[in-house]
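So the structure is just underneath, and the comments pick up after that.
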Amino acid sequence: MNINLALVFFLKSRGTYALTSFLPCLRSTTTHQYSEFTTDVSATDLPTDDLPTEWQGEVLEVLRNVIDPDLNKDIVTLGFVKNLVLGEDRKVTFEVELTTAACQVKEQFAAECKSLVSGLDWTGEIDVTMTSQSVPENTETTGMSQVGAVISVSSCKGGVGKSTTAVNLAFALQSLGASVGIFDADIYGPSLPTMVNPDDDLVRFIGRQIAPLQRNGVSLMSFGYINEGSAVMRGPMVTQLLDQFLSVTNWGSLDYLIIDMPPGTGDIQLTLTQKLNITAAVIVTTPQELSFVDVERGIEMFDSVNVPCIAVVENMAYYELEKPLKPEFDSSVLQGAFAEKLKEAGVCQNGASAKDLAAQLVEIAQISTPTSLESEQVRIFGPGHKKRLSDQWGIQHTYSVPLMNRIAANGDSGTPFILEYPNSPQAAIYKQLATSVVSEVSKTKFDKNSLRPVIEYNEDFHFISIDDEYLEPVELRRVCRCAACVEELTGRQILTPSSVSEDIKPIKMYPCGNYAHSIDWSDGHKSLYPYRQIRSLLQEMAESEYESEENET
């Protein structure tokens with residue numbers, strides 16, 4: 001490793017382009033090898049007369065036929081196969097570690113794995129255990145260290161049913177088998193205490209942290225649970241209060257934490273995206289044009305902080321009007337048929353009497369015929385904008401939730417709608433939303449383009465490594481675009497590049513959400529660098545050095 005660092009130091013003096021060009025050769029000299037998957041294999045002492053010498057490879061090869069429908073790759077390549085063991089009587093045991101406990105195809109995966117491995121003629125009993133990953137997110141808040149994914153439910157306009165969506169989404173995810181929590185981030189108007197009555201209101205402590213409240217196994221936390229009065233405070237105080245909430249709440253191990261965001265795109269929203277590594281966002285709107293305009297602002301905000309918007313819920317999209325529908329029949333034909341039957345049966349010998357009695361029977365039949373109900377969707381607020389959102393922003397999952405008095409009544413009663421009416425058509429919409437969230441979060445976690453770059457400082461050789469590329473600390477310090485270095489309105493640079501010492505170095509480096517990296521410099525300055533800015537700087541430097549070398553030749 002020392003030789004490699006020496007090579008890096010030598011090439012660093014030749015410039016970023018030379019260093020980047022040499023990197024594949026440098027990687028080939030290292031002893032650490034990377035593979036597409038990690039599989040733990042072992043075997044007990046068994047007779048090997050007809051046992052394949054590469055039995056592990058045969059098992060893994062047949063398991064490559066099991067394809068994850070969300071990630072479009074086989075479970076071996078994805079590294080889902082763990083602890084592959086061959087035991088007595090050639091019993092094959094292994095685990096399949098899925099991305100989430102709420103995976104909808106885990107039973108199908110287990111059956112496919114067992115069937116495929118059983119097809120090998122040398123195997124005995126097959127034991128497949130389905131597990132789920134518990135990948136802790138890197139976050140500044142210690143209470144969230146075991147949270148797998150953070151889902152923001154957001155809207156830029158109040159009164160669109162955002163909290164209703166957040167609550168029902170959380171309990172829908174739980175119904176799929178996931179461990180879930182809800183954090184009500186609206187300090188001024190907390191909704192969670194009204195919408196969800198906890199099992200009990202006892203405050204419990206885990207060390208120096210507060211345990212969230214519970215309802216049917218879903219963890220709950222809101223400012224309204226601990227303070228019944230109004231929150232009369234300025235923005236900076238709210239930001240500090242949210243920071244304290246996030247720090248002192250111990251969520252434990254969760255697959256998903258749902259953040260019920262306050263409306264808007266201001267300081268509170270940006271603070272939450274910096275403090276939390278938000279995995280994805282669900283946008284809530286209504287069909288009106290005014291709401292659509294605000295939704296666009298919300299999507300643009302999440303795009304700027306590198307948070308993908310994975311679904312849109314259009315609340316109050318339509319009103320279901322039930323109209324009575326009676327079966328239609330020709331009363332004159334039916335009356336004639338009745339009269340003929342009456343005369344044949346000898347009930348009425350007189351033709352006039354038979355007609356009168358037949359007319360009465362037809363009337364009775366019309367009254368007693370059950371009336372069916374026909375449902376009609378009345379779009380009170382217009383046709384909506386789901387197609388525009390899908391076309392403009394590429395959001396594939398869009399859902400329309402009807403305007404229903406039962407959904408509103410459940411929101412006021414403290415019992416989520418999906419808990420009281422789990423088999424209703426409207427509950428099915430929330431479950432479809434939950435299934436989409438599970439699928440898209442899995443894709444996001446395995447999407448290499450959405451991963452944050454690895455940024456480290458090498459103090460021995462005084463350079464900052466950004467994945468496979470390198471920068472002088474002074475180069476990064478000189479392009480700081482904070483308000484003290486660049487005039488915000490005009491873009492004019494205030495900082496004089498030559499005033500930054502060549503010996504400057506980072507004292508502390510840490511990520512801010514999914515979109516930026518914060519650096520505390522040795523000159524006392526603090527900078528925030530969006531990843532887009534860092535990548536753009538590296539590209540500009542590489543192109544500049546390439547052009548310089550071309551000119552020299």
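Here, residue 1 is the first one in the sequence, and each next residue gets the next number.
Closest non-hydrogen pair, A516 versus Y531, comes out as O-OH, 3.1 Å. The two residues V128 and C113 come nearest to each other via the heavy atoms CG2-CB, 4.2 Å. Scanning all heavy atoms of the two residues, the minimum distance from L84 to V92 falls at CD1-CG1, 3.8 Å. Here the shortest heavy-atom pairing between A317 and R379 reads O-NH1, 3.3 Å. For the residue pair M316 and F381, the shortest heavy atom distance occurs at O-CD1, 3.5 Å. In terms of heavy-atom proximity, A185 sits nearest to M261 at CB-CA, 4.4 Å.
In this structure, a donor-acceptor pair under 3.5 Å is present between the side chains of S527 and W521. A side-chain donor from one of N83 and E95 sits under 3.5 Å from a side-chain acceptor of the other. S163 and D260 share a donor-acceptor pair across their side chains, judged by distance under 3.5 Å alone. Counting only N and O atoms by type, the side chains of T279 and Y256 include no donor and acceptor under 3.5 Å apart. Between Q214 and S219, the side chains place a donor N or O and an acceptor N or O closer than 3.5 Å (distance only, hydrogens not considered). At a cut-off of 3.5 Å, with distance as the only test, a side-chain donor of D255 or S179 sits close to an acceptor on the other residue. Side chains of R64 and T77: a donor on one and an acceptor on the other come within 3.5 Å.
A cation-pi contact links R406 to Y421, judged by a cut-off of 6.0 Å to the six-membered ring centre and 45° from its axis.
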Would you please test Y457 and I519 for side chain to side chain contact (heavy atoms under 4.5 Å, CB included) and show each step?
CA-CA 11 Å; Y457 172 60; I519 301 180; over 6 Å; no

Carefully, step by step, assess V401 and I407 under the rule side chain to side chain contact (heavy atoms under 4.5 Å, CB included).
CA-CA 10 Å; V401 179; I407 294 179; 4.0 Å; yes

May I have the step-by-step check of side chain to side chain contact (heavy atoms under 4.5 Å, CB included) for T131 and V96, ending in yes or no?
CA-CA 6 Å; T131 64; V96 178; over 6 Å; no

Could you go step by step and tell me if S436 and Y399 meet the side chain to side chain donor-acceptor pair (under 3.5 Å) rule?
CA-CA 10 Å; S436 298; Y399 300 93; 2.3 Å; yes

I would like to know whether L433 and H397 meet side chain to side chain contact (heavy atoms under 4.5 Å, CB included); could you show each step before the answer?
CA-CA 8 Å; L433 171 63; H397 306 287; over 6 Å; no

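In this structure, CG in L528 is found 5.5 Å from OG in S518, a value given to the nearest 0.5 Å. Summarising the geometry, atom CG belonging to L173 is positioned 9.5 Å from atom CD1 belonging to I182; distances are rounded to the nearest 0.5 Å. Rounding to the nearest 0.5 angstrom, the gap separating the CG atom in L538 from the CG atom in D468 is 11.0 Å.
Counting non-hydrogen atoms of other residues, nucleotides and ligands closer than 6.0 Å to CD of E459 gives a total of 12 or fewer. In this structure, D412 places its CG atom where more than 12 heavy-atom neighbours from other residues, nucleotides or ligands lie under 6.0 Å away. Other residues, nucleotides and ligands place more than 12 heavy atoms under 6.0 Å from the NZ atom of K431.
A salt bridge does not link E300 with R297: none of the charged nitrogens is closer than 4.0 Å to a carboxylate oxygen. Electrostatic pairing of R532 and D303 counts as a salt bridge here, judged by a charged N lying under 4.0 Å from a carboxylate O. Using a 4.0 Å cut-off between charged nitrogen and carboxylate oxygen, D127 and K114 do not count as a salt-bridge pair. Salt bridge D68/K73: absent, no basic N to carboxylate O contact under 4.0 Å.
Side-chain contact between I429 and P402 is present, with at least one heavy-atom pair separated by less than 4.5 Å. Using a 4.5 Å heavy-atom cutoff, the side chains of F245 and F183 are in contact. Annotation: side chain of T286 is not in contact with side chain of F292 (no heavy-atom distance under 4.5 Å). Residues T285 and N315 form no side-chain contact, since every pair of their non-hydrogen atoms from C-beta on lies 4.5 Å or further apart. Contact annotation: the side chain of W251 approaches that of L257 to within less than 4.5 Å [non-hydrogen atoms, C-beta and beyond]. When side chains are defined from C-beta on, I210 counts as touching M221, because their heavy atoms get closer than 4.5 Å. Inter-residue side-chain proximity for F80 and V66 is flagged as unmet; no heavy-atom pair is nearer than 4.5 Å. Two residues are said to be in side-chain contact when any heavy atoms from C-beta on lie closer than 4.5 Å; P453 and R535 meet this criterion.
Here the side chain of S439 pairs no donor or acceptor atom with the backbone of T435 at under 3.5 angstrom. Looking only at distances, no side-chain donor or acceptor of E420 sits under 3.5 Å from a matching main-chain atom of N410. In this structure, the side chain of Y430 does not engage the main chain of F417 through any donor-acceptor pair within 3.5 Å. Without hydrogens or angle criteria, S522 side chain to I504 main chain gives no donor-acceptor distance under 3.5 Å. Put simply, the side chain of D74 never gets that close to the backbone of L63: no donor and acceptor are under 3.5 Å apart. Of the possible donor and acceptor atoms, none in the side chain of H517 sits under 3.5 Å from a partner among the backbone N and O of P530. Between the S536 side chain and the Q533 main chain, no donor and acceptor come within less than 3.5 Å of each other. Listed for the D520 side chain is no donor-acceptor partner under 3.5 Å among the backbone atoms of K526. Between the side chain of N250 and the main chain of A211, no donor-acceptor pair closer than 3.5 Å is present. With hydrogens and angles ignored, the 3.5 Å screen pairs a side-chain donor or acceptor of R215 with a backbone N or O of G414.
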